[in-house]
Amino acid sequence: MADEQSIPDIGTGLDGAVEILDTRALRSIDPAARLMRLTDGGIWAEGPVVLPSGSGVMYSDVRMDRAMLWTAATGGRVWRQPNDHTNGNTLDREGRIIHCEHGDRRVARTELDGTRHGLVDAYEGKRLNSPNDVVVKSDGTIWFTDPPYGIVLPDEGHPAPQEQAGCYVFRFDLDSGELTVVSDSMTHPNGLAFSPAEDRLYVSDTSAALADGGNHHILAFDVLHDSRLGDPRIFKVMEPGIADGLRVDEHGDVWTSAGDGIHLIGSDGVDLAVVHVPELTANCVFGGDSGRSLFITASSSLYVIETLVQGAGVAAAVARGETT
């Protein structure tokens, strides 16, 4: 497997990266697909987002406090520095970039003209912990997780007391300005993604990253008609490592980071395949000309592998030029 091999040079790839565990995976990825390395030089690459109109892939290098941009024409370059120790990024329905800033402890937005400003930074008069990952629902509401990493890890933010009573999953309604806790049942909520019909929300809990015996699983919630969440259930306990960032494809299957790369998991929780990556993997996103390229952020690098599926959700559709 590729994780047993050395890290390839920029522009080169690894054969044998794909391990098929269930024949259902064959509709989603070719076992012969090569894992290609696109960039290097980072410390903790995270939060990839594919920009509209073929503008490339932007991702956070959290611990170097910068954002990187990769395009096929120019390769990788610094897009923004300093970057407020931003972690997760996504697109809204208008193609604007939504950011989770560890440094300023807020959710922010970059407008189409390049200006950036905060959207929400407090709940019930108390500062957020450090918003980590974010997804936009088709109704325009912004759903994000708020673990403590930016206020407890000096290289990912600014150490500070936690003002919130816990670490929550939030729903932010831009029209009303209302910020709502949709789940308070997790220790350190992290990556999140909706199913194609938006009737299920997946959220990873990564408290094992800071504490022995902590959580390293993905929870699934039913999304109720009034945008509340049903009771959580464990969708998958991740081995090895933790599930950090994740995406859902058009079939409803989950692509999640883990200790050895990206795991493809069926909507029924069955392990389907592993894309082995030779660096510790944080996140992934669908994009490219066909929408079927899976871009992977892993430690120092951005990688890509071709799949047979497109991503579900607002950001994936907007990146493909579709109207949501």
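All values below come from the heavy atoms of this structure, side chains included, with hydrogens, waters and symmetry mates left out. For clarity, every value in this text was computed on a predicted model and none was experimentally measured.
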What is the minimum heavy-atom distance between [X] and [Y], and which atoms define it?
{"X": "His102", "Y": "Pro131", "answer": "CD2-O, 3.2 Å"}
{"X": "Val248", "Y": "Phe286", "answer": "O-CE1, 4.5 Å"}
{"X": "Asn283", "Y": "Gly47", "answer": "ND2-N, 3.9 Å"}
{"X": "Ala315", "Y": "Thr90", "answer": "CB-OG1, 3.3 Å"}
{"X": "Arg105", "Y": "Ala160", "answer": "NH1-CB, 3.5 Å"}
{"X": "Tyr59", "Y": "Pro48", "answer": "CB-CA, 3.8 Å"}

Measure from the ring center of Phe295 to the ring center of Tyr303 and say whether it is less than 6.0 Å.
no
Quick check: Phe172 with Phe144 (ring centres under 6.0 Å apart)?
no
So does Asp231 have more than 12 non-hydrogen atoms from other groups sitting under 6.0 Å from CG?
no
Between Thr141 and Asp139, a side-chain donor and acceptor under 3.5 Å
yes
Look at the side chain of Thr256 and the backbone N and O of Leu246, then say whether any donor-acceptor pair between them is shorter than 3.5 Å.
no
Arg233 vs Asp222, test: salt bridge (charged side-chain N to carboxylate O under 4.0 Å, His left out). Steps then yes/no.
CA-CA 9 Å; Arg233 57 191 181 275; Asp222 290 332; 3.2 Å; yes
Would Arg27 and Asp253 satisfy salt bridge (charged side-chain N to carboxylate O under 4.0 Å, His left out), going step by step from the backbone distance to the final call?
CA-CA 11 Å; Arg27 72 176 181 176; Asp253 297 333; 3.2 Å; yes
Give the C-alpha distance, both sets of side-chain angles, the deciding distance and a yes or no for side-chain contact (heavy atoms from CB on, under 4.5 Å) between Glu306 and Asp30.
CA-CA 8 Å; Glu306 297 303 315; Asp30 185 337; over 6 Å; no
Can you tell which of Arg116, Glu46, Arg66 makes a side chain to side chain donor-acceptor pair (under 3.5 Å) with Thr86?
Arg116
